[in-house]
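What follows is one structure encoded as structure tokens, with my remarks underneath.
Please read these numbers as outputs of a predicted model, since none were measured by experiment.
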Amino acid sequence: MRMEDVLDLYDEPYDPKRPVICFDETPYQLIEEVRLPLPPEPNQPERYDFEYKRNGSVNLFAFFEPLARWRHVEVTQRRTKVDFAKQMKDLVDIYCSEAEVIRLVVDNLNIHNPAALYEVFEPQEARRIIQKLEFHYTPKHASW
């Protein structure tokens, strides 16, 4: 896991048959305002109070293909191996179905690995999906 590996991918010319897709997720808090915002006044924007009501949380899975200027975000209730495997299946079958190989840039989260697909799908299906994915991991403590 060298940062140069990821940087070399980013430096390659765009090839729709071999796209470079970045993938990550983040938790997102669902909040509701408990007070109405104060309306704007001359030279004063609308103002919101800091108080809010928490309405749970969700997970945002995000795909980003920088050279194609494409992104996709999907909202899920959780961030599990099952959810990751479904995202990879959708990437292969829907979003990049014409690609020969998808160069996938992911961090080192424990669910970001080919084994997750074998835990979720039948072996033949997991293998079919994995054969289209080429995993490239960002180094630990690296930010992209």
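To the nearest 0.5 angstrom, Asp107 atom CG is 9.0 Å from Phe23 atom CZ. Separation of atoms CD (Glu41) and CZ (Arg47) is listed at 5.0 Å; rounding is to 0.5 Å. How far CD of Glu4 is from CG of Asp11: 12.5 Å, rounded to the nearest 0.5 Å. Summarising the geometry, atom CD1 belonging to Ile130 is positioned 5.0 Å from atom CG belonging to Leu117; distances are rounded to the nearest 0.5 Å. The distance from the CG atom of Leu91 to the CD1 atom of Ile21 is 5.5 Å, given to the nearest 0.5 Å.
Taking each heavy atom of Asn55 and Ile31 in turn, the nearest pair found is ND2-C, 4.3 Å. The two atoms that bring Val82 and Val120 nearest to each other are CA-CG2, 3.6 Å, heavy atoms only. Residue Tyr137 comes nearest to Asn113 through the heavy atom pair OH-CA, 3.5 Å, listed as atom of the first residue, atom of the second, then distance. Contact detail for Tyr118 and Ala126: the closest heavy-atom pair is CD2-CB, 3.6 Å. Taking each heavy atom of Cys22 and Tyr10 in turn, the nearest pair found is SG-OH, 3.4 Å. Residues Pro114 and Phe135 share a closest heavy-atom pair of CG-CE1, 3.6 Å.
By the 4.5 Å heavy-atom criterion applied to side chains, Phe84 and Thr80 are not counted as neighbours. Between Pro45 and Pro40, the closest side-chain pair of non-hydrogen atoms is not below 4.5 Å. Between Leu133 and Arg103 the shortest side-chain heavy-atom distance does not fall below 4.5 Å. Using a 4.5 Å cut-off on side-chain heavy atoms (C-beta onward), Glu46 and Leu38 make no contact. For the pair Val92/Ile102, a side-chain contact is recorded, criterion being any heavy-atom separation below 4.5 Å from C-beta on.
Between Arg79 and Asp83 there is no salt bridge, since no side-chain N of the basic residue sits under 4.0 Å from a carboxylate O of the acidic one. A salt bridge does not link Glu32 to Arg54: none of the charged side-chain nitrogens sits closer than 4.0 Å to a carboxylate oxygen. Here Arg35 pairs with Glu51 in a salt bridge; the nearest charged N to carboxylate O distance falls below 4.0 Å. Between Glu74 and Lys86 there is a salt bridge, since at least one side-chain N of the basic residue sits less than 4.0 Å from a carboxylate O of the acidic one. Ionic pairing of Asp93 and Arg128 is present here: one or more N-O contacts between side-chain nitrogen and carboxylate oxygen are shorter than 4.0 angstrom. Note on Lys53 versus Glu33: no salt bridge recorded, every NZ/NE/NH1/NH2 to OD/OE distance being 4.0 Å or above.
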### Task
Decide yes or no on side-chain contact (heavy atoms from CB on, under 4.5 Å) for Leu104 and Met88, but give the supporting numbers first.
CA-CA 10 Å; Leu104 185 68; Met88 294 302 103; 3.4 Å; yes

### Task
May I have the step-by-step check of side-chain contact (heavy atoms from CB on, under 4.5 Å) for Val105 and Leu9, ending in yes or no?
CA-CA 9 Å; Val105 179; Leu9 279 178; 3.9 Å; yes

### Criterion salt bridge (Lys or Arg N to Asp or Glu O under 4.0 Å) on Arg18 and Glu12, from CA distance to verdict
CA-CA 10 Å; Arg18 297 174 50 79; Glu12 290 183 13; 5.3 Å; no

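The neighbour count for Ile94 CD1, taken as heavy atoms of other residues, nucleotides or ligands under 6.0 Å away, is above 12. Within a 6.0 Å radius of CD in Gln44, other residues, nucleotides and ligands contribute more than 12 heavy atoms. By the 6.0 Å contact criterion, CD on Gln29 is enclosed, its count of non-hydrogen atoms from other residues, nucleotides or ligands being greater than 12. Tyr14 OH: more than 12 foreign heavy atoms inside a 6.0 Å radius.
Clustering of Ile, Leu, Val, Met, Phe, Trp and Tyr side chains at separations under 4.5 Å leaves Val34 isolated, with no partner residue.
Of the listed residues (Glu134, Lys17, Lys132), just one forms a side chain to side chain contact (heavy atoms under 4.5 Å, CB included) with Val101, and that residue is Glu134.
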Which atom pairs, one a donor and one an acceptor, fall under 3.5 Å between side chains of residues 58-71 and the rest of the protein, sequence neighbours left out?
from	atom 1	to	atom 2	distance (Å)
Asn59	ND2	Thr76	OG1	3.4

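When only modelled atom types and interatomic distance are considered, Glu25 and His112 share a side-chain donor-acceptor pair under 3.5 Å.
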